[in-house]
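Chain naming here is simple, since letters A, B, ... match the order of the sequence lines and numbering starts at 1 in each.
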There are 2 protein chains.
Amino acid sequence: MELLSSTKSFGGWLKRYKHESVAVKGEMTFAIYLPPQAETQSVPVLYWLSGLTCTDENFTQKAGAFRKAAELGLAIVCPDTSPRGTEYPGEHESYDFGSGAGFYVNATVAPYSNTYHMYDYVVQELPNFVESNFPVTDKRSISGHSMGGHGALICALKNPGVYQSVSAFSPIVNPTQCPWGEKAFTGYLGEDRAVWKEWDATCLVESNADKGSERLPLLIDQGEADNFLVEQLKPEALEAVCEKVGHPLTLRRQPGYDHSYFFIASFIDEHLAFHAKALS
Amino acid sequence: MELLSSTKSFGGWLKRYKHESVAVKGEMTFAIYLPPQAETQSVPVLYWLSGLTCTDENFTQKAGAFRKAAELGLAIVCPDTSPRGTEYPGEHESYDFGSGAGFYVNATVAPYSNTYHMYDYVVQELPNFVESNFPVTDKRSISGHSMGGHGALICALKNPGVYQSVSAFSPIVNPTQCPWGEKAFTGYLGEDRAVWKEWDATCLVESNADKGSERLPLLIDQGEADNFLVEQLKPEALEAVCEKVGHPLTLRRQPGYDHSYFFIASFIDEHLAFHAKALS
C-alpha cells in the first residue's frame, strides 16, 4: 500500500492510496475520508461508486460530503471506476466502455475477463483491505452515481445482509434495457441476455422477491432535468417492479436538477444521514 | 451576454456567462450563484477571486459554498483570473504569469498594458454589469484564495467604503516581497518598486493608516501545512503592520491544513456567515 496524498478536511483526513489488487490483477487507486472521530474510535464506512469517466477524485473534490461525514463520524471510501494500466484493443477509446467504465461487474468476455472484476474488487477485496488497514468497523453501506448508482444497487441486492443501507443518485436502474448497459454488458458479459439479468437492479429486485431475500429499502434521488433520464436511466422501470413485488423504494424526483455533481452536492447530506442512521 | 450553462444547486441556480469587457478589451467568462431568495428579492453579492491557474470553475465545483449561500441568501460571483484570447510572447508558458495569473492589477507594461486590466474589471466593470443584469443589491463583499486573496485584500484596501467586508484564504499578503509577486509585478508594472506598493496589501494597510482611511477588519485563514507559506504567503508581514498601525486583523492559523480547496471548503461557511452579517 502506497500513500499518494494526505489532506486535512473538516478536521479529518482525506487519504489516497495505491495498492495491488488480486481481483483485477493490478494496481488500484482509492481514496478514504476518515472523520475526526476515527482518531479515537472505529467508524462505519460508506462506499461510494462513481460514474462513467470518473476516478476516485470526482466525489472527493465535488460532492461537498466531508462536512457532514465529519459531523456524523462516517468514513467514505471511493474506489476507481475500472482497472487501469492495461492496453486492450479499444479499451481507452469510448467514455462508456473500458477504462473509466467498469460497470461494477465481473467480466467473462476476453480480454476483459482477465482483469475487469470490479464487482469482486468492490464487494470483497476493497472492504476487506479497508477493514484490515484503517480504524473502521465492519459495518458497510453503499451509494453511487449513475453507473455507480447501478453499482451500489446491484452490490446491495446481490448480497443480502452485507450492507446496512443503500442509496443512489441518478442510477442506471435497468441496464439490460438501455444503450449504456447494452453496450457494456455485451462487451463484458457476452451476447446471452439471460446472464445480464444478474447484474441489473430492476431484474434483481424481482428475482430476490422470488427467493424471499431480505428487502433492503432503496433510496434514490433523480433530477428531472437530467439529460440521460429518458434514454438511459428510466427510474420508472425500477419503480414498477418495486411496486409489483412490494420492495421498499423511496424515489425522489427532484425538479430542475441535472446529472452533475451540483445535484449530488445538493442532496448528499440527506443520503449521509440516511446511511449513518442505518449504520449506528 | 451569452448564457453558457445554468445548473440548479441547493434550490438556487449557478449560471455561467460570457460577455464583452471594455476593461480587458475582450470576452470574459464569469459565474454567478443566485440563491433561492433571488427569485423574489434582491440579494447582496460576495465576489470571489481565485488563485493561480484557476478559472471561474474551481470555486464553484470545489468550495462546497452553495449550501450555506442558499441558507444565507447570498449571491456569489466568480470572475476568471486573467483576460483570455490573446497570444502575447510567453503569455501561456508559466503557471504564475500571464493567462490564469492576472494578479488583479492594471498592467502598465506592454503588451499586457493593452488588456490585463483585471483590477478595473473586478472592482468596477463586473459589479456594475452584475448589478444591472441580476436581482442583486449594490452591497458588495469580497474574498479570495492565494493570488485571489491578495486580490480581495487590495480591492478592499484601495476602495474604502465600497465593500462591506473582506476576507481571504492563504493570501499573498506582501507580493512586493515574494517570488510570485516580484515576477508578476515586474512583468505587469515594470521595474519601479515604489509603484508596486500600491498593489500590496501590507503596504496599503500602512499607507491607508497615514491617510486616515476607513479600517475595514480583515479576516484571514491560513493553513499551517501550506507548502507556500514560508516563501510566498508570509502572513506575519501583514500581521506586523496591522499591529503597528492598529488595523483590525483576525488571522487564524489552522494546524494541518494545506493550500487546497479542501482547506477552503473546511472554513468557507464561516467566511460566508461573516460576509452575510456585514451585508445585512
Engineer: Does any part of the side chain of B:Leu238, heavy atoms only, come nearer than 4.5 Å to the side chain of B:Leu251, both counted from C-beta?
Structural biologist: no

Engineer: For A:Leu14, is it the side chain, the backbone, both or neither that has a heavy atom under 4.5 Å from a heavy atom of chain B?
Structural biologist: side chain

Engineer: Side chains of B:Ile220 and B:Pro235: does their closest heavy-atom pair fall under 4.5 Å?
Structural biologist: no

Engineer: Side chains of A:Pro79 and A:Leu49: closer than 4.5 Å at any heavy-atom pair?
Structural biologist: yes

Engineer: If the condition is ring pair (Phe, Tyr, Trp, His ring centres under 6.0 Å), which residues does B:Phe97 pass it with, not counting sequence neighbours?
Structural biologist: B:Tyr112, B:Tyr188

Engineer: Compile a table of inter-chain donor-acceptor pairs under 3.5 Å between chain B and chain A, counting both main-chain and side-chain atoms.
Structural biologist:
residue	atom	partner	partner atom	Å
B:Lys8	NZ	A:Pro255	O	2.8
B:Phe10	N	A:Ser266	OG	2.8
B:Gly11	N	A:Tyr257	OH	2.8
B:Pro255	O	A:Lys8	NZ	2.8
B:Tyr257	OH	A:Gly11	N	2.8
B:Ser266	OG	A:Phe10	N	2.8

Engineer: So, do B:Pro83 and B:Met118 sit near enough that their side-chain heavy atoms are less than 4.5 Å apart?
Structural biologist: yes

Engineer: Using heavy-atom distances under 4.5 Å, tell me whether A:Phe267 contacts chain B through its side chain, its backbone, both, or neither.
Structural biologist: neither

Engineer: Given side chains that start at C-beta, do those of B:Leu272 and B:Leu46 come closer than 4.5 Å, heavy atoms only?
Structural biologist: yes

Engineer: Using 0.5 Å steps for rounding, measure from the CD1 atom of A:Ile32 to the CD1 atom of A:Ile76.
Structural biologist: 10.0 Å

